[in-house]
Number of protein chains: 2
Amino acid sequence: MTRADLVKQTGLARSTVAQRLDALREHELVYEAHASASTGGRPPTVLMFNQGAGVVLVADLGATHSRLVVSDLAGTQLVEMTFDMDIAEGPEQVLSTVKQHFVALLAQVDRTPADVRGIGVGVPGPVAFSRGEPVAPPIMPGWDSFSIPSWFAKDFDGPVLVDNDVNTMALGEHWTHWREHEHLLYVKIGTGIGCGIVAGRRIHRGAQGAAGDIGHVRLAGHDDVICRCGNIGCLEAVAGGRALAAKLSDLGFDASSSRDVVTLVRAGEPQAIQAVRDAGRCLGEVLAGAVNFFNPGAIVIGGDIADAHQQLLAGVREVIFQRSLPLATGDLRIVPSRLGDRAGVVGIGIMVIEHILSPEAVDRVIERGIAA
Amino acid sequence: MTRADLVKQTGLARSTVAQRLDALREHELVYEAHASASTGGRPPTVLMFNQGAGVVLVADLGATHSRLVVSDLAGTQLVEMTFDMDIAEGPEQVLSTVKQHFVALLAQVDRTPADVRGIGVGVPGPVAFSRGEPVAPPIMPGWDSFSIPSWFAKDFDGPVLVDNDVNTMALGEHWTHWREHEHLLYVKIGTGIGCGIVAGRRIHRGAQGAAGDIGHVRLAGHDDVICRCGNIGCLEAVAGGRALAAKLSDLGFDASSSRDVVTLVRAGEPQAIQAVRDAGRCLGEVLAGAVNFFNPGAIVIGGDIADAHQQLLAGVREVIFQRSLPLATGDLRIVPSRLGDRAGVVGIGIMVIEHILSPEAVDRVIERGIAA
């Protein structure tokens with residue numbers, strides 16, 4: 001856009017537009033370029049967004065495996081790495097390692113910590129989003145109420161956003177492949193089962209950041225199964241990766257994790273196939289309730305067990321289309337994740353960029369620039 | 001605010017502010033008043049919102065009973081009436097009667113159809129909100145795909161918004177009593193069972209406008225009950241007013257409606273009390289899933305059966321607090337409706353006013369004014 005376009009479109013005074021653009025240029029968020037003029041006259045100056053004005057650091061922390069990314073302000077990934085680390089080692093240990101890796105990655109792309117405009121962290125547990133603190137996360141000992149933003153503030157400027165892993169995966173899938181849909185569910189079926197909710201194109205976190213915890217919804221007809229949460233018949237205790245591995249182990253197979261279950265399915269083992277298909281039906285039972293309640297446009301299934309997605313999806317679809325109302329399922333898409341393992345880092349990056357380039361955040365940059 | 005305040009706060013050019021205010025004054029949405037000056041000088045002119053610049057027509061149509069309201073642009077109710085009419089008489093018949101009543105109500109408050117700025121209609125069935133058309137509503141023969149906005153456009157200017165009754169009730173309760181909460185569920189338990197969802201302070205309607213249909217979620221342990229939808233074990237078929245009346249009728253009581261059930265509970269009939277408490281437990285089972293999935297800050301219970309709310313709520317609370325996760329229930333409020341029968345008209349009025357006074361709608365008024 002030219003300056004004249006901006007004055008016309010916003011209705012702002014010419015002096016206001018000039019003042020705001022100066023502040024944005026000082027922060028290098030905007031630069032001037034010359035459009036090619038078709039009339040042969042002097043080409044008009046246009047204002048461009050400078051996506052290289054800074055970088056965003058992204059950490060997707062899993063239970064045992066993590067992924068780090070450095071991206072520019074348009075979400076273009078500059079460098080990526082993965083490494084194994086047990087999140088149960090606690091926040092100081094884990095975040096120190098993450099920081100060391102971040103500094104090394106920045107150097108790889110010729111950047112310094114001063115270039116960092118924001119940081120995003122995904123964790124495998126519930127998070128108080130406004131504070132950036134895990135809340136009683138079952139598989140993250142030592143992390144309860146630990147302020148991740150405060151920890152990073154020692155070394156980096158800019159906001160630090162922390163969210164639950166399934167929320168970031170939902171955001172990544174939605175932003176990349178499903179933006180035409182307003183409402184989407186992302187279901188992760190791995191060791192446990194969780195769900196990220198996109199409502200009105202935004203992550204729905206709920207009143208306490210606990211939304212999407214479908215793993216402990218009670219299934220009909222499974223009152224004999226006791227869950228680690230203390231209730232009976234929970235979805236996760238019947239259909240989660242841990243439950244499936246235990247069931248196959250009891251049948252004599254060598255299975256201790258959700259990945260082992262997928263290996264058996266891929267090997268064509270009928271009892272493993274049947275177990276995963278039954279798990280799909282159980283998941284479908286709970287999702288049928290979620291479809292009636294929430295009426296999403298798409299359900300994306302990811303996580304380890306989803307690598308056996310043909311069997312799983314068959315079971316899920318069978319029950320949802322049987323149990324949910326025709327109005328809610330008429331145009332419903334039920335599909336496997338397309339981003340796979342990378343959904344988390346994509347979503348975390350988008351979350352941070354949308355935050356630092358939001359009108360409110362840019363207004364603050366402008367106000368500081370004008371005041372200075 | 002004064003004109004000087006507006007220029008300062010918006011950053012808009014003085015001429016732009018003047019032009020926009022002229023358009024708003026021409027539509028009588030804004031008028032000038034004189035603030036009392038503490039300094040003794042000439043009091044500055046302040047700009048005020050003119051809530052009497054027009055009226056809003058509200059129709060809350062029930063299966064057999066309807067309520068009409070005329071309010072000003074601040075939502076202040078000017079006049080109200082209720083009347084009995086079977087919605088199954090079809091849209092032409094029902095809306096003609098509604099229009100006659102509207103014209104009479106306008107005359108009562110010395111207004112004419114030309115004063116109408118917008119119309120809102122609540123109906124007991126699913127609605128395609130963007131088109132204002134009921135979609136395959138089970139108890140509204142003849143209404144499927146009928147354009148309610150087109151019908152009213154013959155006689156009135158301004159937008160016509162149509163929504164499902166539980167959505168409008170959820171909005172009314174939220175706006176009146178729960179605005180500090182971002183996420184709320186309103187559950188109506190009458191002949192059937194439905195749920196209105198407030199997510200991020202806005203109504204969540206879902207991809208097809210079918211969200212909140214919890215009446216057909218499958219309950220554990222009720223596979224012997226066949227629902228009118230063709231599935232088994234649906235919540236509504238076990239715990240709805242029709243089901244409770246049938247159960248009590250089988251036990252020899254004179255009960256054919258949800259109101260009869262409430263009468264028996266109020267008379268202290270133990271079997272009716274037990275039936276309603278059991279219904280509360282069944283509702284609690286489904287809502288426990290909704291609490292895990294959606295993590296609302298409050299659940300408001302309304303509808304006919306909720307008039308026996310002590311018994312019902314006891315059952316609902318018992319199961320939700322037993323089944324849902326502690327993080328999601330720690331601060332959860334589960335309460336009876338405070339607006340009762342009036343939740344619908346309050347919510348419909350707010351919906352229309354928020355629409356016609358939205359920045360986008362006001363911008364259109366201004367643009368037309370400037371263009372003219």
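Residue numbering restarts at 1 for every chain, and letters A, B, ... go by the order of the sequence lines.
Within the 4.5 angstrom heavy-atom criterion, atoms from both the backbone and the side chain of L12(B) approach chain A. In this structure, chain A has no heavy atom under 4.5 Å from any part of S15(B). Of the two parts of R205(A), only the backbone, made up of N, CA, C and O, holds a non-hydrogen atom closer than 4.5 Å to a non-hydrogen atom of chain B. Neither the backbone nor the side chain of Q19(B) has a heavy atom closer than 4.5 Å to any heavy atom of chain A.
Once rounded to the nearest 0.5 Å, the distance linking CG of L171(B) with CE of M351(B) reads 7.5 Å. To the nearest 0.5 Å, the span separating CZ on R281(B) from CG on D278(B) amounts to 5.0 Å. Here the straight-line distance linking atom CH2 of W178(B) with atom CZ of R333(B) works out to 4.0 Å at 0.5 Å rounding. Considering CE of M1(A) and CD of Q9(A), their distance stands at 4.0 Å, rounded to 0.5 Å. A distance of 6.5 Å separates CG in D22(A) from CZ in R25(A), rounded to the nearest 0.5 Å.
Your options are C195(B), G212(B), G209(B), and the one with the most heavy-atom pairs under 4.5 Å with chain A is G212(B). By number of non-hydrogen pairs under 4.5 angstrom with chain A, the leading residue of D331(B), V17(B), D223(B), V135(B) is D331(B). Ranked by heavy-atom pairs under 4.5 Å with chain B, the first of A220(A), A13(A), A210(A) is A210(A). Of the listed residues V286(A), I214(A), I232(A), the one with more heavy-atom pairs under 4.5 angstrom with chain B than any other is I232(A). Of the listed residues N231(B), V217(B), L332(B), T16(B), the one with more heavy-atom pairs under 4.5 angstrom with chain A than any other is N231(B). No other option in R218(B), R202(B), H216(B) has as many heavy-atom pairs under 4.5 Å with chain A as R218(B).
The residues K8(B) and D5(B) are annotated as not salt-bridged, no charged nitrogen and carboxylate oxygen being separated by less than 4.0 angstrom.
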Pair V225(A), L219(A) - check side chain to side chain contact (heavy atoms under 4.5 Å, CB included), show working. CA-CA 10 Å; V225(A) 180; L219(A) 289 172; over 6 Å; no

Go through T2(A) and L47(A) one step at a time and tell me if the side chain to side chain contact (heavy atoms under 4.5 Å, CB included) criterion holds. CA-CA 6 Å; T2(A) 64; L47(A) 297 149; over 6 Å; no

Between I334(B) and L287(B), is the side chain to side chain contact (heavy atoms under 4.5 Å, CB included) condition met? List the steps. CA-CA 11 Å; I334(B) 304 171; L287(B) 290 178; over 6 Å; no

Assess the residue pair C282(B) and H222(B) against the criterion (side chain to side chain contact (heavy atoms under 4.5 Å, CB included)); give the C-alpha distance rounded to whole Å, side-chain angles, the decisive distance to 0.1 Å, and a yes or no. CA-CA 10 Å; C282(B) 292; H222(B) 290 272; 3.9 Å; yes

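The closest side-chain donor-acceptor pair between T168(B) and D165(B), if any, does not fall under 3.5 angstrom.
Within residues 138-146 of chain B, no residue has any heavy atom closer than 4.5 Å to a heavy atom of chain A. Within residues 288-299 of chain A, the residues having any heavy atom under 4.5 Å from a heavy atom of chain B are, by residue number, G289(A), A290(A), N292(A), F293(A), F294(A), N295(A), P296(A), G297(A). At a heavy-atom separation below 4.5 angstrom, chain A is approached by Q322(B), R323(B), L325(B), L327(B), A328(B) within residues 316-330 of chain B. Contacts with chain A (heavy atom to heavy atom, under 4.5 Å) involve these residues of residues 179-190 of chain B, listed by number: H183(B), L185(B).
Nearest heavy atoms, V127(A) versus D163(A): CG2-C, 3.8 Å. The two residues N167(B) and I197(B) make their nearest non-hydrogen contact at OD1-N, 4.4 Å. Smallest separation of non-hydrogen atoms from H204(B) and A199(A): ND1-CB, 4.3 Å. Nearest heavy atom pair, residue P137(B) against residue G125(B), reads CB-CA, 4.3 Å.
Side-chain contact between C227(A) and L235(A) is absent, with no heavy atoms from C-beta onward closer than 4.5 Å. Side-chain atoms of V198(A) and I203(A), non-hydrogen and from C-beta on, do get closer than 4.5 Å to each other.
Checked by atom type and distance alone, the side chain of E236(A) pairs as donor or acceptor with a backbone atom of I193(A) at under 3.5 Å.
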